[in-house]
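In what follows, a structure is listed as structure tokens, so that the remarks can point back to it.
We count residues from 1, following the sequence as given. Only a predicted model underlies this, so the values are computations on that prediction, with no experimental measurement involved.
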Amino acid sequence: MCAGKTRSIPVATKKTPRTFLGVFFCAWLLLLATLQANTARADCVLGGADEVVGLKQVIDGDTLRLEDGRRVRLIGVNTPELAHRKRPAQPLAEEAKDFTERFLAGGDLELVYDRDRRDNHGRVLAYVYNHRGDSLESALLSAGLAFHIAVAPNLALSECLASREREARQYQRGVWSPGVWPVMAASEVRPGDGGFVLLTGQVTKAHHNRYIWLDLDGPVALRVDPRSAPSLKRQKNWRNRQLMTRGWLVDRGAKYAARNPGHKRWFIAVDAAETLQFLR
């Protein structure tokens, strides 16, 4: 039976749980019902297409290969990673890829650009719409098959995409179903940890330079950019606030920690207020 309308957060754990097919089918059915009920609504649309292109291959849930050979990385979402070499697949990775393939089937794609058009790997950064004009990013988030991410300066649709993720969390779809996705506690981060994480922690200290640095209870800090997240700049009472965020956990290394004993070894960049939630 699919999960009911509750707002609980998955219990914090570092162990990746086993993924059950029932979770995916519930998310899939819920998404289809949502899309069918809103076929007339074109949501999370930035503007007219900058390019109309042909799709050659879906590499994973958030990465495509076009017929002209270019690779496209979706803006604003991060889907679970597929198995690679000795690394096992993350929960719902195969389902996210399958969803993207089905969503984009039947015609050409529309690409819409934001400010930065390529990432550090040379991939094209774009919002992607199918031949019906439906947003792939919005659909993935609504199904609970992706996390909303925000990387400056490509933030034009951050608020809209965040609202789609909130809906999935509310109805516990996909990665937000209890026990599906591991939530890492900042106090439990250890050498070897890194990559994309959903992380909780309590603020022990806030200090400022170009950024707002929020030291958490453990070896992790959040690096908040007040230029792209101005509402967080106005926040005053950080101490003892319990937070949840998502992003790439960057390990600056043991040598950095030894040379800078007052700094946290790990950090996560926060470029938009929508990716930081207050738990209490």
Side-chain angles (χ1 to χ4, degrees), residues 2-3 5-10 16-39 41 43-44 55 57-65 72-84 87-106 109 126-130 132 134-151 157-158 160-183 195-198 244 246-248 274-275 277:
C2 297
K5 299 181 181 181
T6 62
R7 295 176 179 267
S8 61
I9 301 298
T16 302
R18 181 179 300 174
T19 304
F20 295 96
L21 288 177
V23 173
F24 165 64
F25 288 123
C26 286
W28 182 269
L29 291 173
L30 285 167
L31 174 77
L32 288 180
T34 300
L35 289 180
Q36 290 169 0
N38 295 283
T39 51
R41 184 186 70 183
D43 62 354
C44 295
L55 175 67
Q57 177 190 7
V58 172
I59 297 174
D60 59 24
D62 57 36
T63 310
L64 316 173
R65 189 180 302 280
V72 174
R73 176 64 165 84
L74 273 61
I75 297 174
V77 299
N78 188 63
T79 59
E81 297 290 336
L82 294 166
H84 181 67
R87 182 188 67 199
Q90 293 179 320
L92 299 182
E94 292 288 351
E95 288 84 349
K97 179 184 179 184
D98 181 66
F99 179 91
T100 294
E101 289 175 338
R102 292 171 181 264
F103 191 85
L104 297 179
L109 316 180
Y127 303 104
V128 175
Y129 302 84
N130 62 19
R132 296 179 297 274
D134 301 320
S135 165
L136 174 57
E137 286 91 342
S138 175
L140 284 165
L141 291 167
S142 294
L145 294 176
F147 294 96
H148 170 52
I149 58 170
V151 180
L157 292 179
S158 183
C160 181
L161 295 177
S163 71
R164 302 299 172 258
E165 183 186 79
R166 284 194 297 271
E167 178 185 279
R169 285 180 61 188
Q170 176 184 356
Y171 292 100
Q172 296 186 339
R173 297 173 186 160
V175 295
W176 302 107
S177 297
V180 170
W181 190 269
V183 181
F196 183 84
V197 297
L198 188 63
M244 181 173 71
R246 78 295 306 281
W248 283 269
E274 290 84 7
T275 61
Q277 287 84 42

Legend entry - 4.5 Å side-chain heavy-atom contact, Ile75 and Leu157: no

Inset, instruction - Name all residues meeting the side-chain contact (heavy atoms from CB on, under 4.5 Å) criterion together with Val72; count only those two or more places apart in sequence or in a different chain, and write none if there are none. - result: Leu64, Leu66, Leu111, Val124, Ala126, Val128

Inset, instruction - Please answer whether the main-chain N or O of Glu274 pairs with a side-chain N or O of Gln277 as donor and acceptor at a distance below 3.5 Å. - result: yes

Inset, instruction - Output all residues satisfying ring pair (Phe, Tyr, Trp, His ring centres under 6.0 Å) with Tyr127, sequence neighbours left out; order by chain, then residue number. - result: none

Legend entry - Leu82 versus Lys97, closest heavy-atom pair with distance: CD1-CD, 4.0 Å

Legend entry - Residues which pass side-chain contact (heavy atoms from CB on, under 4.5 Å) with Ala150, listed by chain and number, not counting sequence neighbours: His148, Leu155, Ser158, Ala272, Thr275

Legend entry - Inter-residue atom distance Leu136.CG - Leu104.CG, 0.5 Å rounding: 5.0 Å

Inset, instruction - Measure the shortest side-chain to side-chain distance between Trp248 and Asn78 over non-hydrogen atoms and say whether it is less than 4.5 angstrom. - result: yes

Legend entry - For Glu165, all residues meeting salt bridge (Lys or Arg N to Asp or Glu O under 4.0 Å), sequence neighbours excluded: Arg246

Legend entry - Side-chain (Ser177) to main-chain (Val180) donor-acceptor, under 3.5 angstrom: no

Inset, instruction - Can you see which heavy atom on Tyr129 is nearest to which on Cys44, and at what distance? - result: OH-O, 2.7 Å

Inset, instruction - Provide the closest heavy-atom pair for Ser135 versus Phe103 in the form atom of the first, atom of the second, distance. - result: O-CZ, 3.6 Å

Legend entry - Shortest non-hydrogen contact from Thr63 toward Leu74: N-CD1, 4.5 Å

Inset, instruction - Any chance you could measure Arg169, atom CZ, to Leu141, atom CG, to the nearest 0.5 Å? - result: 12.5 Å

Legend entry - Qualifying salt bridge (charged side-chain N to carboxylate O under 4.0 Å, His left out) pairs, either residue in residues 72-82, two or more places apart: Asp62-Arg73

Legend entry - Separation of Leu55 CG from Asn130 CG (nearest 0.5 Å): 11.0 Å

Inset, instruction - Apply side-chain contact (heavy atoms from CB on, under 4.5 Å) to Arg166 and list each qualifying residue two or more places apart in sequence or on a separate chain. - result: Ala162, Ser163

Inset, instruction - Would you please name every residue forming a salt bridge (Lys or Arg N to Asp or Glu O under 4.0 Å) with Arg65, sequence neighbours left out? - result: none

Inset, instruction - Compare every heavy atom of Leu161 with every heavy atom of Ser138, then report the nearest pair and how far apart it is. - result: N-CD2, 4.0 Å

Inset, instruction - Fit a plane to each ring of Trp181 and Phe196, take the angle between them on a 0 to 90° scale, and name the class: parallel (under 30°), tilted (30 to 60°) or perpendicular (over 60°). - result: perpendicular

Legend entry - Gln90 side, atom CD; Thr79 side, atom OG1 - distance, nearest 0.5 Å: 9.0 Å

Inset, instruction - Please name the pair of heavy atoms, one in Gly144 and one in Trp176, separated by the smallest distance, quoted to 0.1 Å. - result: CA-CD1, 4.4 Å

